[in-house]
Structures are given as structure tokens and as C-alpha cells.
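Bear in mind the structure is a predicted one, so any value in this text is a computation, not a measurement. Every number for a ligand or one of its atoms is a count from 1 in the order of the listing.
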Amino acid sequence: MSFDYDLFVIGGGSGGVRAARLAAAEAGARVGLAEEYRMGGTCVIRGCVPKKLMVYASGYPRVFEEARAYGWQAQAGEFDWTVFRARLDDELTRLEGVYRGNLERAGVEIFDSRAVLADPHTVRLANGIEKTARHILIATGGRPFVPEFPGCDLAITSNDVFLFESLPKRILIVGGGYIACEFACILNGLGVEVTQFYRGAQILRGFDEEARGHIAGAMCAQGVDLRVGCNVQRIDRVEDGLWVKATDGRDAVFDAVLFATGRRPNTDGMGLEEAGVRLKQNGAVEVDAWSQSSVPSVYAVGDVTDRVALTPVAIREGAAFVETVFKANPTRADHELVPGAVFTQPEYGAVGMTEEEARSHGPIEVYSTAFRPMQSGFAGQPDRVMMKLIVETGSRKVLGCHIVADHAAEMIQLAAVAIKMGATKEDFDRTVAVHPTMAEELVTLKAPVRTG
Ligand SMILES: Cc1cc2nc3c(=O)[nH]c(=O)nc-3n(C[C@H](O)[C@H](O)[C@H](O)COP(=O)(O)OP(=O)(O)OC[C@H]3O[C@@H](n4cnc5c(N)ncnc54)[C@H](O)[C@@H]3O)c2cc1C
């Protein structure tokens, strides 16, 4: 049977773009790709990249404050969102062009259109035109989810933050995950009055308990009005903003209410189940270790599969798919020991198990320290850094590493190499410290603070 393409990719985000480009450029496949919004996907257009640029923007008031303690006559002055927003828009347009150019140079045919599955070998574009392909890759990512409650249509999501015409003066952020916490810190740093509600007992569920407490403390100290055990009951539009009634009985008026309460896979109305593709209960595409769905010609990578929802993982899954299907080299994407970061202020970098997970695996030793870092300590800031290694008692292997500090994301990337290689506590110990740094604490942790 002949097809229009060897591969048709639905979704031009991290996973889809990587798979399309590699299949075309390295395996010589005839590839088509449909993207319904902007090339680059969540990461480039409304996720990692614009968020990190906002993290940088929000860090300057502190730099000026510290600079004064170091003898500089510096003042932060006013933050001009319109200047930043215009530069951000330009940068995202530039990046979008880079992604598009890379695909075109690789020979991928791009359709600026929504696409759905018509049958196991056919996609249908928005104009009704159908294209056939030997293999179809679903790489449609996910979208923010706002629960139903009175006034829920007045809430905004992370997608809207990058499009603010002007910054709100008072914002309520609802959620306790990494996206909610990052935006709380970013907007607080930019001078917005931030209140954060989280219905659970502590923010950053799923991360290491000690790190969660440390970050929550730092966020409160920086001025985020964090209220755990609290949710929104209803929102009403009033003359001077949005009136929010909370489950703790209190009420207040905000200029914006941002819900960062989780994301859902983009599979609605995609024709997947009709074509026989099995979905999980939450709508994610069910795939095996090679990213193959229940329909042999249909594969899926990235957030739409709800495995590890991070850009580098989507990219690895896309690359592994191409190895498996187009290069006769069956490759599983590796989901073990994936390092990650939360870009709060201070940052949190983590790899491997939390202390709580490790305890349920067997005997462990916990090495942990908290201290005032030199740079901000000199400036009289109250910041404290946390570093922690979780070690398996028998094998001495480091099972997890957790760092809460400025630049923790950069540090964890390197610690992750050692831990991925199977480093033991003694390997860390025999590595000479780089002095004076924060990271040197990781190789000078003497006695366990806890065993279990
Ligand atoms: C605010 C925020 C911050 C984040 N920060 C980080 C971070 O710091 N580090 C990190 O690693 N990850 C981060 N992420 C997660 C990261 O963005 C995702 O894991 C990653 O983008 C997933 O890539 P993907 O290819 O699966 O999907 P996406 O990048 O979401 O791409 C899917 C694409 O498919 C398109 N699409 C959907 N349906 C269709 C259709 N039917 N037809 C055509 N096109 C369609 C969409 O428009 C989209 O462009 C963040 C996410 C958010 C929301």
C-alpha cells in the first residue's frame, strides 16, 4: 500500500518537532507535520522559555538590593511590563522561526492546521483534506485545566500570563504544583501582590518533604501570602476586580485569578478512540515502552502520554521513536533518574528519590545541611540553602539529591550525571571540593542526620 508520507506528526512541540526532524534528516523519511497554533509548542511559546525569561526579569530587584550592600549606588526603579512583553514577543517569534526553519531544511512538509485521526493511517486537516501515512505520531501535548465552580470562566491560566496587556496589581494564584509556585515567585518579584491558595497541606506535592517546607518558608518570607488548606469557592466580577470567596471563609478582591491546577492531555475530539487508540482514564494516550499505542501504526510521545511531562523527556521520546521505527534500532525512552528543577526563588533542583520514597525501598542514610550562602549572607539577606543526599545503606549508592539554592537547576544537572552513573556516597566524598562555592557542601557532608 502506498502512503503520502512515511510519517505524519500531529503537534509541533518539543516531542513532535524532534521526531519529525530526525526522521526526515537522519532517516530520509517523507514527513508531514501539522501544528494548530505556533511552532515550538508549549515549551517555546507558553512554557519553559517565556517562563524562564520572566524568572530572570523578576530577579533584578533583589540584585539591586544586594548590589547596594556590596557598595554599589544602585536603584531598581520601576519595572515596565510593556518593554519586557515586546521583547518577549520578539524572542518567541524568533524561536518559532528557528523551529520552522529547521523543519523545512530537513524537508518536513508543514501544515499550519489542526489535524485529527481519520483512521489508523489517515489524518484529516481542518480544511477537510486527508493525508495518509505509514506511521502517525500523536504529539499534541497538554493544556491547563480549570475545575468547574461558580465563576470559573473568570479565571485565567498560565497561557494568559504571557499575554497580559499590563501586570495586575493583585493576583490570586490557585494551585500548589511547580507552575503555580513559579508564577507566584515571578509575579511577586515583579512587584505584584501575590496570594496563593493550595487546597493540600503543603505546596509541591510529590517533591521531597524537607525541600517543600524550605521553599514554602522562603516564599512566605519574600512576601507571597501562601494559604494552604484553602481553595476558591466562587468568583464574581465586581466594580474593582474579581471578588473571591475562599473555602476558609475569607473573601478578597483581586485583579486576576490564575488557576494552575494541573494539565490535561490534548486528545479531545482527535478521533483517537474511534480509530481504536486506547486512552487512559485521564485521556492520555496509552503507550508501551516504545511509545506505540494500541493501534500499531499510531505512536505517541510527550505530555499527551502523561509519563514524565518535561521538555527533555518529550524530546528523548521523540528521538527514541525515530530510532525504533525508522532506524531499525529499538530504543526505549529512559524515564529513570530524570533530573528536574522548580524555578522558584530560590530554585529547587532534584534527581532521584525523595526521602519519603527512599524509606519505603529499604534502609537509608540521609545527609542534609542548611546554611546561609556567602553572597546573600554578606548582603544581610535571610536566605538559607538546603542540600541533601539520600544514600542506600547497603550499596552506599546515592538514591536522591535535592538542592534548594540560587542556581540549583544548574547544579543538579551535574550531580545527576554522577548519580545516573551509580555514584556512591564515598564517590562524592573523594571528590575534592571547589571552594568557595555552595555546591562544595555536596562533597563534604560528614555524618547522616537521619537513618531509616
Ligand atoms: C508554564 C509551563 C512551564 C513549564 N516549564 C517547564 C520547564 O521549566 N522545564 C521543562 O522541562 N518543562 C516545562 N514545562 C513542560 C513542557 O512545556 C512540556 O513538557 C513540553 O512542552 C511537552 O512537549 P510535547 O511535545 O509533548 O507537547 P507541546 O510542547 O505541548 O506541543 C504540542 C503541540 O501540539 C499542538 N496541537 C495540539 N493538538 C493539535 C491538533 N489536533 N492538531 C495540530 N496541532 C495540535 C499544540 O498547539 C502544541 O503546539 C512547562 C509547561 C508549562 C505549561
Side-chain angles (χ1 to χ4, degrees), residues 8-21 32-55 92 95-96 99-100 110-118 123-126 131 136-145 156-162 173 175 177-184 186 258-272 283-285 287 291 300-319 321 333 338-344 347-349 409 412-413:
F8 199 99
V9 179
I10 307 182
S14 309
V17 166
R18 181 58 57 100
R21 193 168 60 74
L33 180 147
E35 167 54 54
E36 69 176 349
Y37 184 54
R38 293 180 67 181
M39 198 60 77
T42 304
C43 172
V44 177
I45 305 297
R46 41 199 187 184
C48 332
V49 173
K51 170 201 79 187
K52 188 79 188 282
L53 290 168
M54 286 184 76
V55 169
L92 301 188
L95 288 172
E96 192 181 357
Y99 274 75
R100 185 176 288 273
I110 298 171
F111 299 89
D112 293 300
S113 164
R114 180 172 170 80
V116 298
L117 206 59
V123 297
R124 188 180 307 116
L125 301 170
K131 300 284 177 187
I136 294 171
L137 182 67
I138 310 295
T140 50
R143 62 181 187 286
F145 166 77
I156 58 168
T157 68
S158 62
N159 288 348
D160 304 301
V161 173
F162 309 113
I173 298 180
Y178 82 94
I179 293 175
C181 295
E182 288 177 343
F183 279 119
I186 289 169
L258 164 62
F259 265 71
T261 40
R263 294 176 62 80
R264 293 285 182 271
N266 274 330
T267 51
D268 290 356
M270 288 272 305
L272 294 169
V285 179
V287 289
S291 299
V301 295
D303 286 10
V304 75
T305 62
D306 190 30
R307 287 178 281 182
V308 180
L310 291 172
T311 282
V313 176
I315 289 173
R316 291 286 178 107
E317 289 170 359
F321 156 76
V338 173
V342 179
F343 293 96
T344 40
E347 285 176 9
Y348 172 27
I412 206 69
Q413 179 70 83

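- Screening Val308, Thr305, Val301 for a side-chain contact (heavy atoms from CB on, under 4.5 Å) involving Val313 leaves a single residue, Val308.
- Applying the 4.0 Å criterion to heavy atoms of Ala309 picks out, from ligand 1, the atoms 15 (C), 19 (O).
- Remark: Phe8 CZ to Ile138 CD1 distance equals 10.0 Å, nearest 0.5 Å.
- Summary of contacts: the protein heavy atom closest to atom 52 (C) of ligand 1 is Ile179 CD1, 3.6 Å.
- Leu92 CG to Arg38 CZ: the interatomic distance, rounded to the nearest 0.5 Å, is 6.0 Å.
- Checking only distances, Arg114 does come within under 3.5 Å of ligand 1, N or O to N or O.
- Phe111 CZ: more than 12 foreign heavy atoms inside a 6.0 Å radius.
- The side chain of Met270, and not its backbone, has at least one atom closer than 4.0 Å to an atom of ligand 1 (non-hydrogen atoms only; side chain from C-beta on).
- At the top of the distance list for atom 26 (O) of ligand 1, counting protein heavy atoms only, stands Asp303 N, 2.8 Å.
- Looking at ligand 1, you won't find any N or O of Glu182 less than 3.5 Å from one of its N or O atoms.
- In this structure, Val116 has no heavy atom closer than 4.0 Å to ligand 1.
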* Stepwise side chain to side chain donor-acceptor pair (under 3.5 Å) test for Arg307 and Ser291 -> CA-CA 10 Å; Arg307 287 178 281 182; Ser291 299; 3.0 Å; yes
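- Not a single heavy atom of Gly269 lies less than 4.0 angstrom from ligand 1.
- Note that the CG atom of Asp303 and the OG1 atom of Thr42 stand 6.5 Å from one another [nearest 0.5 Å].
- Of all protein heavy atoms, the one lying nearest to atom 13 (C) of ligand 1 is Cys48 SG, 3.2 Å.
- Once rounded to the nearest 0.5 Å, the distance linking NZ of Lys51 with OH of Tyr178 reads 5.5 Å.
- The atoms of ligand 1 that sit less than 4.0 Å from any heavy atom of Ala139 are 32 (C), 33 (C), 34 (O).
- Within the listing of ligand 1, atoms 10 (C), 11 (O), 12 (N), 19 (O) sit less than 4.0 angstrom from a heavy atom of Leu310.
- Summary of contacts: the protein heavy atom closest to atom 45 (C) of ligand 1 is Glu36 CG, 3.6 Å.
- The protein heavy atom nearest to atom 21 (O) of ligand 1 is Cys43 N, 3.4 Å.
- In this structure, atom 27 (O) of ligand 1 lies nearest to the protein heavy atom Gly141 CA, 3.3 Å.
- Taking every heavy atom of Tyr178 and a limit of under 4.0 angstrom, the matching atoms of ligand 1 come to 4 (C), 5 (N), 6 (C), 13 (C), 14 (N), 15 (C), 50 (C), 51 (C).
- Listed by number with element, the atoms of ligand 1 under 4.0 Å from a non-hydrogen atom of Gly15 are 25 (O).
- Within the 3.5 Å criterion, the main-chain N or O of Pro265 finds a donor-acceptor partner in the side chain of Arg143.
- Of all atoms in ligand 1, numbered sequentially from 1 with element shown, those under 4.0 Å from a heavy atom of Ala314 are 23 (O).
- Considering CD of Glu182 and CD of Glu347, their distance stands at 9.0 Å, rounded to 0.5 Å.
- Donor-acceptor pairing under 3.5 Å is lacking for the side chains of Arg18 and Thr311.
- Judged by the 6.0 Å and 45° rule, Arg46 forms no cation-pi pair with Phe162.
- To the nearest 0.5 Å, the span separating OG1 on Thr157 from CG on Leu258 amounts to 7.0 Å.
- Without hydrogens or angle criteria, Thr267 side chain to Gly283 main chain gives a donor-acceptor distance under 3.5 Å.
- Distances from ligand 1 to the non-hydrogen atoms of Arg263 include at least one value under 4.0 Å.
- Interface of Ser113 with ligand 1, defined as ligand atoms under 4.0 Å from a residue heavy atom, comprises 43 (C).
- Closest to atom 5 (N) of ligand 1 among all protein heavy atoms lies Lys51 NZ, 2.9 Å.
- Nearest protein heavy-atom neighbour of atom 49 (O) of ligand 1: Glu35 OE1, 2.7 Å.
- Within ligand 1, the atoms closer than 4.0 Å to a non-hydrogen atom of Tyr37 are 47 (O), numbered from 1 in the order shown.
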